[in-house]
Enquirer: 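Got a structure for you, questions after.
These numbers come from the heavy atoms of this one structure, side chains and all, not from hydrogens, waters or symmetry mates. Chain letters run A, B, ... following the sequence lines, proteins first, then strands; residues in each count from 1. Everything numeric here is computed off the predicted structure, so don't read it as measured data.
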2 protein chains.
Amino acid sequence: MPLTTESLFRALADPTRLRCLLLMRGESELCVCELTHALGEIQPKISRHLAQLREAGIVADRRQGLWVYYRLHPELPAWALEVLRITAEGVANQAPFATDHTALREMPNRPGAVCCA
Amino acid sequence: MPLTTESLFRALADPTRLRCLLLMRGESELCVCELTHALGEIQPKISRHLAQLREAGIVADRRQGLWVYYRLHPELPAWALEVLRITAEGVANQAPFATDHTALREMPNRPGAVCCA
DNA sequence: CCCATATATATGATCAAGCGTATGTAATGC
DNA sequence: GCATTACATACGCTTGATCATATATATGGG
């Protein structure tokens, strides 16, 4: 079932989901605890929104050990990626999007960094 | 109050509103009866959605005689226009968006055409 | 097997979205 | 003033979104 405008824009309409997507767009993939830390939200809230994005076909997930990594779905249509790109540029200087990337980079003990450095 | 990602994407998430916006993007401005006819929906439904778009600052309206003409708000930020452009291209061949433009052009007695031709 | 960590889901409550029908308002012409 | 046309809004209803808290599941290490 292809991605509809309704399902994409409904996903982007919630700031929590949009923040996650814009973070994933910058990094190759992110686990739940990284997103939880970067956004400063509680884990069940992040997990529920990620489940919605997964069910809509907007993100893909991959389990590695204890961690589940999320990334933009590799088969996302080009127009959806363009919408994300335009949005990322449009909100680059706005809260809370602007601070999410720095909060992520300042996170201690990031799983990927710990085991693969 | 500037347009937020939340208010824009929430507006685009409803197919009725998105169809109206993509039609307005192609024409200079459209009155309610033109949108009602093009979409094949009842008038109060169109009117309620247009009110939401107006309150969100996404469209502007202008009364001329009996008719109220709606257009994309002239102060819409560039990134919002870009999102609309990408979306219009992405769904150009999909129902119901593809047929809306032709349904509009085949409408008899369009107000603008009647009085100004 | 038991425990700790990471993530997912269930629960119950609150709040907003969207709908069709009915009615209100605004402009025009007679 | 009255009727007509165009548009807006109120009402009652149903459905769905989001949340915080609590609990379940999964993996890896002792």
Enquirer: How many Å lie between CZ on A:R62 and P on C:dA6, as a whole number?
Expert: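 Roughly 17 Å, once rounded to whole Å.
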Enquirer: Would you kindly give the CG-to-P distance between A:D14 and D:dG16, to the nearest whole Å?
Expert: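 The distance from CG of A:D14 to P of D:dG16 comes to 18 Å, rounded to the nearest Å.
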Enquirer: Do B:T87 and B:L21 have side chains that get closer than 4.5 Å, going by heavy atoms?
Expert: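 No - every pair of side-chain heavy atoms lies 4.5 Å or more apart.
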Enquirer: I want to check one thing: is the phosphate of C:dC19, taken as OP1 and OP2, less than 4.0 Å away from some side-chain N or O of B:H49?
Expert: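 Yes, because at least one side-chain N or O of B:H49 sits under 4.0 Å from OP1 or OP2 of C:dC19.
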Enquirer: Hey, does B:V91 have a side-chain heavy atom less than 4.5 Å from the side chain of A:T4?
Expert: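 With C-beta onward as the side chain, the pair stays apart.
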Enquirer: Whole angstrom is fine here: how far is it from CD1 in A:I42 over to C1' in C:dT7?
Expert: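 Going from A:I42 (CD1) to C:dT7 (C1'), I get 13 Å.
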Enquirer: Taking the side chain as C-beta and beyond, is there a heavy-atom pair between B:P111 and B:C33 under 4.5 Å?
Expert: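 Of all side-chain heavy-atom pairs linking B:C33 with B:P111, at least one is under 4.5 Å.
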Enquirer: Please give me the minimum heavy-atom distance between A:A88 and A:L22, naming the atom from each residue.
Expert: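 Between these two residues, the closest heavy atoms are CB-CD2, 4.0 Å.
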Enquirer: Looking across every strand, which nucleic acid part, if any, lies under 4.0 Å from A:Q52 by heavy atom: base, sugar-phosphate, or nothing?
Expert: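 Counting heavy atoms under 4.0 Å across all strands, the contact made by A:Q52 is with sugar-phosphate only.
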Enquirer: Do the non-hydrogen side-chain atoms of A:L50 and A:M24 ever get within less than 4.5 Å of each other?
Expert: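 In contact.
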Enquirer: Please report, rounded to the nearest Å, how far the P atom of C:dA17 is from the CG atom of B:L12.
Expert: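 Going from B:L12 (CG) to C:dA17 (P), I get 15 Å.
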Enquirer: Could you check how far CG of A:L53 sits from P of C:dT9, rounded to whole Å?
Expert: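 Whole-Å distance recorded here is 13 Å.
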Enquirer: What nitrogen or oxygen pairs link the protein and nucleotides 6-11 of chain D at under 3.5 Å?
Expert:
from	atom 1	to	atom 2	distance (Å)
D:dA6	O3'	B:L66	O	3.4
D:dC7	OP1	B:V32	N	3.4
D:dC7	OP1	B:V68	N	3.4
D:dC7	OP2	B:C33	N	2.9
D:dA8	OP1	B:Y70	OH	2.4
D:dA8	OP2	B:S47	OG	2.7
D:dA8	O5'	B:S47	OG	3.4
D:dA8	N7	B:Q43	NE2	2.8

Enquirer: Can you tell me how far P of C:dA8 sits from CG of A:L35, to the nearest Å?
Expert: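 A:L35 atom CG is separated from C:dA8 atom P by 10 Å.
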Enquirer: Taking only residues two or more places apart in sequence or in another chain, which ones pass side-chain contact (heavy atoms from CB on, under 4.5 Å) with B:A60?
Expert: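 B:A60: side-chain contact (heavy atoms from CB on, under 4.5 Å) contacts with B:R71, B:H73, B:P74.
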